[in-house]
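Here is the structure we will look at.
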Amino acid sequence: MFDYITAGESHGPEITAIIKDLPAGLKINIDNINKQLKRRQQGHGRGGRMDIEKDRINITSGLREGITLGSPLAMNIKNKDWANWEDIMTVTNKGDQNKIKAKRVAEPRPGHADLPGGIKFNHSDLRNVLERASARETAIRTAVGSIAREFLANFEVEIFSHVTGIGTVKSPNWLAIKEQKNITSIKEIREYFNQVEQSPVRAGSKETTAKMIELIDKWKEAGDSVGGICEVIVTGLPLGLGSHTHHDLKLEGQLAAELIAIQAIKGIEFGGGFKLAEKPGSQVHDEIFYDNDKKKFYRKSNNSGGLEGGISTGEELIVRLPMKPIPTLSQPLKTVNLDSKEPAEAAKERSDNCAVPSASIVAEAVTAIVLAKSFSNKFGGDSIKEIKNNYNSYLKQIENY
Ligand SMILES: Cc1cc2nc3c(=O)[nH]c(=O)nc-3n(C[C@H](O)[C@H](O)[C@H](O)COP(=O)(O)O)c2cc1C
């Protein structure tokens, strides 16, 4: 379930997705999808393209009166910029050869798929690579993620994110913030993340927001770019998603594979993260307690980030992702011209100089997709009703464990 494919070039007519196996009876609120698309377009450091595009989802099949049919759901987002690229990116052989030549990319940008993609696919115009490698594709993945979120909302699963680093400006991660602010309830969690939504860099405080903006602007002025770190937090997950029984069923492996596949994401940490490697085991592993009144196992810490042995523990899922700096620079990097093999300056495409806030929204979406898939594999059924029945009966089963 929740298998999907995306298609589309950055300056083509549209970007498209088909989700193959959605359960029937799932209510889809199109405004919610558009809200997520808008969140992805925001953030200090984004370039001119986002002024052109006003992403809106267009669902063309699999949905009737806002409710899924159980058949494939197809949807697309029109690229407004297509109007400027029709003669260059046309699928016919009727393009404007002068314009195509003028927009040919022969100077590969370091840090992009340009050179390896060009050589591997034998393209003499690197535009044939960069158009698909571009993070424009993350718009439609965000839409797929919004549908996954709608599904997870039926089971009270909520997904949040914030930015904990831009370049050298760092702010505390979620575990530290929870401790500092003594956040315990879902209400307090929502309050904190509502505040994050107000920050143009998705930071947790005004001071950090100001410092991050200053740093982004400093690098922009210098014609340079900057990366950072975002963190995704999921509440309301049941214990038991994923499995220890086989390598490809482990939930952290599935999350890692999909999240690292987001453009420019270069690593992943769960819970206490890489820092845990510096500490003795006694300070790392989340000890197990039992509440006799509630008849429930519980933990006092969550260094595992909500995963043990490839299985969700029922605690918050915490995932942290570093994003490398944007590779397209207005002070271009050194490269080599494909034709002359002489030194050259990398091609300049219109570009963001920091997209970490946007990547954090994409990471929410991708997390939602992986979890919705895992969820429907475990509680599977053809309709949302059947999945709910299976889910509730499982909850009863583990309550009595
Ligand atoms: C939301 C988002 C926006 C991005 N915007 C740009 C951009 O405007 N210019 C650019 O050169 N790279 C941008 N990137 C990064 C590139 O897509 C990425 O570096 C490239 O695809 C290489 O990815 P890789 O390092 O994962 O192979 C963006 C990435 C994301 C996630």
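Start at 1 and go down the list; that is how both ligands and their atoms are numbered.
Not a single N or O atom of Gln263, backbone or side chain, sits closer than 3.5 Å to an N or O atom of ligand 1. Considering backbone and side-chain atoms alike, Ala264 places an N or O below 3.5 Å from some N or O of ligand 1. For ligand 1, the polar-atom distance check against Lys324 finds a nitrogen or oxygen pair separated by under 3.5 Å. In terms of N/O distances under 3.5 Å, ligand 1 is approached by Ser351.
Nearest protein neighbour of atom 16 (C) of ligand 1, counting heavy atoms only, is His112 CE1, 3.7 Å.
In the vicinity of Ser358, heavy-atom distances shorter than 4.0 Å reach the ligand 1 atoms 1 (C). Distances below 4.0 Å separate heavy atoms of Met323 from the following atoms of ligand 1: 29 (C), 30 (C), 31 (C). Of all atoms in ligand 1, listed by their number and element, those nearer than 4.0 Å to a heavy atom of Ala355 are 2 (C), 3 (C), 4 (C). The contact set between ligand 1 and Arg46, taken as ligand atoms under 4.0 Å from a residue heavy atom, comprises 3 (C). Against a heavy-atom cut-off of under 4.0 Å, Pro327 is close to the following atoms of ligand 1: 10 (C), 11 (O), 12 (N), 19 (O). Listed by atom number, the atoms of ligand 1 under 4.0 Å from Thr328 heavy atoms are 9 (N), 10 (C), 11 (O). Heavy-atom proximity to Asp352, at under 4.0 Å, picks out these atoms of ligand 1: 3 (C), 4 (C), 5 (N), 6 (C), 7 (C), 8 (O).
Of all the listed residues (Ala135, Ala261, Ser360), Ala135 holds the heavy atom that lies closest to atom 30 (C) of ligand 1. In this comparison of Ser10, Gly111, Ala113, the heavy atom closest to atom 22 (C) of ligand 1 sits on Gly111. One option in Val356, Ile260, Ile326 has a heavy atom closer to atom 14 (N) of ligand 1 than any other, and that option is Ile326. When the options Lys266, Arg136, Arg40, Glu137 are ranked by their closest heavy atom to atom 27 (O) of ligand 1, first place goes to Lys266.
A salt bridge between Arg39 and Glu197 is present, with a side-chain N of the basic residue lying under 4.0 Å from a carboxylate O of the acidic one. Salt-bridge annotation for Lys211 and Glu207: absent, with no side-chain N of the basic residue lying under 4.0 Å from a carboxylate O of the acidic one. The existence of a salt bridge linking Glu258 and Lys373 is excluded, since no basic side-chain nitrogen approaches an acidic carboxylate oxygen closer than 4.0 Å. A salt bridge between Arg104 and Asp339 is present, with a side-chain N of the basic residue lying under 4.0 Å from a carboxylate O of the acidic one. The existence of a salt bridge linking Glu364 and Arg149 is confirmed by a sub-4.0 Å separation between a basic side-chain nitrogen and an acidic carboxylate oxygen.
A side chain to side chain donor-acceptor pair (under 3.5 Å) with Tyr192 is found for exactly one of Lys178, His162, Lys181, namely His162.
Using a 4.0 Å heavy-atom cutoff, Ala133 is listed among the residues neighbouring ligand 1.
Summarising the geometry, atom CZ belonging to Phe155 is positioned 8.0 Å from atom CG belonging to Asn392; distances are rounded to the nearest 0.5 Å.
Judged purely by distance below 3.5 Å, without hydrogens or angles, the side chains of Ser383 and Glu386 never pair a donor atom with an acceptor atom. When only modelled atom types and interatomic distance are considered, Arg202 and Ser161 share a side-chain donor-acceptor pair under 3.5 Å.
Between Phe297 and Tyr290, the ring planes lie perpendicular to each other; the angle is over 60°, past the 30° to 60° tilted range.
Nearest heavy atoms, Pro110 versus Lys334: CG-O, 3.6 Å.
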